[in-house]
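All figures in this text were calculated on a predicted structure; none of them were measured in a lab. Residue numbers begin at 1 in each chain, while the letters A, B, ... track the order of the sequences. Worth knowing before you read on, the calculation uses all heavy atoms, side chains too, and leaves out hydrogens, waters and symmetry mates.
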Number of protein chains: 2
Amino acid sequence: MLDLHRGRILREVARLGSMTAAARSLAYTQPAVSHHIARLEAEVGTPLVIRHGRGVLLTEAGRILVEHIDDVLARMDDTEERIAAIAGLRAGRVRAAVFPTAAAALIPDALARLRARAPGVTVTLDEAEPNTAVAALREGETDVAIVFNYDHLPPDTDTRFREIPLCDDPIRLAIPSSHPLAEKDEVNLADLAEETWASGCFRCRDHLVWACAEAGFVPSIAFATEDHVAIQRFVARGLAVTALPGLALGLHSEPDVVVPRAPALGSRHIAALVPAGPRPPAVTALLDELTAVAASLDDMNSE
Amino acid sequence: MLDLHRGRILREVARLGSMTAAARSLAYTQPAVSHHIARLEAEVGTPLVIRHGRGVLLTEAGRILVEHIDDVLARMDDTEERIAAIAGLRAGRVRAAVFPTAAAALIPDALARLRARAPGVTVTLDEAEPNTAVAALREGETDVAIVFNYDHLPPDTDTRFREIPLCDDPIRLAIPSSHPLAEKDEVNLADLAEETWASGCFRCRDHLVWACAEAGFVPSIAFATEDHVAIQRFVARGLAVTALPGLALGLHSEPDVVVPRAPALGSRHIAALVPAGPRPPAVTALLDELTAVAASLDDMNSE
DNA sequence: CGTTGTCGATAACACAAAGTCATGTTTTCT
DNA sequence: AGAAAACATGACTTTGTGTTATCGACAACG
């Protein structure tokens, strides 16, 4: 195959009409240019330049070659620019799989920051529970998975992924304001053993059952929905008590619901998962903004 | 600048989904491909592939790069084909500067042969006297100069050119059939010292004067024209005698003109001149056909 | 009309790049 | 689990790509 580098040299020789001048222009020595032209001629099997007076003149084949090389080099420049744009955060697309609460509480702020920093980068979002998000990551269908996990569950040890911790999301107790315990600052979980419970997604429900077991009882769960506004309404109407992530409560506060302290419920750990190894710049940038937004949330929690 | 070679490798990796497969397809070893991809990534500053299961998957930057490379490589193929066509005599243009008689007597046959052998090669012709033809060659305005020279003139010793002898063109005496000497087989030049002469181009006239001087007289030249048909008419009408190149006489034979032998007139040497050094294939091919045609003319003369 | 400066070609050589083989690590399939 | 397959890594060889030094040829100058 023709070597573009040699083509560039020939082009310069054509432009300047002399090998010596081309060598100067390209910061080479004259013999280097002479050699390259000779090799190019050997490769294509026909003379490309002809000595003429002081310098050289191109043959027909040489002229045609230069025309084509011009075209090819222009497209090469385009190519480089496109890739440089991705490397320089002026372009790029990131696919993220995010669990619902984070999609509402974390992502909008992170994307706003990312847009301010790198307007050319676009992010596409897929809402997905952690399990599906990880599966998508494994299949290469997404670039970043935003997931959460509870202390009582085994951590994800898959070495193919790198876990970037984002923040801790404390699980809060929510009870009706009409409830006898509503006036206490801190509530013991065991005191709610006889209540009717509402719970969210499978994983959250699982965690609730685990926490109650630690407290010595099995909760009676009558309502299950992933809609945290709906859950709060159930609580507000006095139909149930529930445990909700702080993030969900931060998104919406229903009247007639109180949130006493209940340390036994612990917290869930929110993290971003990306494939191990080097990351595209746009992915790194998104992770940066996610950690920044998450850190400010963490600060609010610790106050 | 991006290396097309690496681009080709990346493209193959993208097509086959694995470095090992790409290596097989390109007759490389696996580490070679691995190395090239790693270097490409270092050069562009962003990951291009990501490990996925058995093989690799391309990142966004990788996919975009491959798209562009496809385009560039296609144009590279075009380029190679264009040049290969010139090298393979399927295309090409030759500019020739030819003196008038040869343009009529030599070139048409040579071009017919060349067309049969290499239909894609085109030849452009400029009629020019030897001096102008050589000047054009020196200026790079023509690729081949077809010239002639006489024995009494100094040979062209310019080392910048290579001379390819084509044939000898004997100078013939032409006299009216009504002339007293018309019945003789061989005529002595000195017997025509008192005649009125016609002559052709400057160089031919010069040669005539020289030959007559050798025979001991100065010819009285009343008619000078480059049109050999016109000259023959002058002779046919008994207005003059003349010396004409055999080639011109071969092109047109006027009635009432006889051509006795006159060895003293010698001959002119027809040759092709090309720049020294390697020659484009189309030029070589034209020279081949010219020498072939000229050789057959030489044979006719020697019979 | 020779002399001098410039250009291209060539030879010898230094260094970098591009391959290879051997081997390790990770992931998948049995 | 263990075997097979794929990418990564390291040491080494070969090839290519540059350099300096020098020659031969053309052109412009006095």
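Within 4.0 Å of R6(A), counting heavy atoms only, lie sugar-phosphate atoms of the nucleic acid but no base atom. Nucleic acid contact for H52(B): none, since no nucleic acid atom lies under 4.0 Å from a heavy atom of the residue.
The nearest whole Å value for the distance from the CG atom in L26(A) to the P atom in dG18(D) is 10 Å. Computed from coordinates, the R160(B) CZ to dG8(C) C1' distance equals 15 Å when rounded to whole Å. As rounded to whole Å, 13 Å separates atom C1' of dA17(C) from atom NE2 of H5(A). Between the CZ atom of R8(A) and the P atom of dT17(D) there is a distance of 14 Å, rounded to whole Å. As rounded to whole Å, 15 Å separates atom P of dA17(C) from atom CE of M1(B). Atoms CG (L40(B)) and C1' (dA18(C)) sit 14 Å apart, rounded to a whole Å.
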Cut-off 3.5 Å, no hydrogens considered: what does the side-chain donor-acceptor table look like for residues 27-34 of chain A, sequence neighbours left out?
residue: Y28(A); atom: OH; partner: H5(A); partner atom: NE2; Å: 2.9

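Atoms CD1 and CD, on I69(A) and E12(A) in that order, are 13.0 Å from each other to the nearest 0.5 Å. Separating the CG atom in N149(A) from the CZ atom in R268(A) is a distance of 11.0 Å, to the nearest 0.5 Å.
Taking 4.0 Å as the cut-off between side-chain N and carboxylate O, R75(A) and D71(B) count as a salt-bridged pair. Using a 4.0 Å cut-off between charged nitrogen and carboxylate oxygen, E289(B) and R117(B) count as a salt-bridge pair.
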Q | Verdict with supporting geometry, I270(B) and F99(B), side chain to side chain contact (heavy atoms under 4.5 Å, CB included) | A | CA-CA 10 Å; I270(B) 300 180; F99(B) 67 88; 3.8 Å; yes
(request) Could you check R11(A) against E67(A) for salt bridge (Lys or Arg N to Asp or Glu O under 4.0 Å), going step by step and ending with a plain yes or no? (result) CA-CA 8 Å; R11(A) 183 176 68 160; E67(A) 278 174 36; over 6 Å; no
Reading nucleotides 4-14 of chain D from 5' to 3' and marking B where a protein heavy atom lies under 4.0 Å of the base, S where only the sugar-phosphate is that close, and - otherwise, the string is -SSBBB-----
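Side-chain nitrogen and oxygen atoms of T159(A) include at least one within less than 4.0 Å of the OP1 or OP2 phosphate oxygen of dT27(C). Here Y28(A) does not reach the OP1 or OP2 of dT19(D): none of its side-chain N or O atoms lies under 4.0 Å away.
For the helix from dC1(C)-dG30(D) to dT30(C)-dA1(D), the end axes, each set by the C1' atoms of five terminal pairs, are bent relative to each other by 30° (nearest 10°).
For L137(A) against D143(A), the heavy-atom pair with the smallest separation is CD1-O, 3.6 Å.
Of the two residues near DNA chain C, D158(A) and H36(B), the one whose nearest nucleotide lies more 5' is H36(B).
Defined by atom type and a distance below 3.5 Å, a donor-acceptor pair is missing between the side-chain atoms of D151(B) and H207(B).
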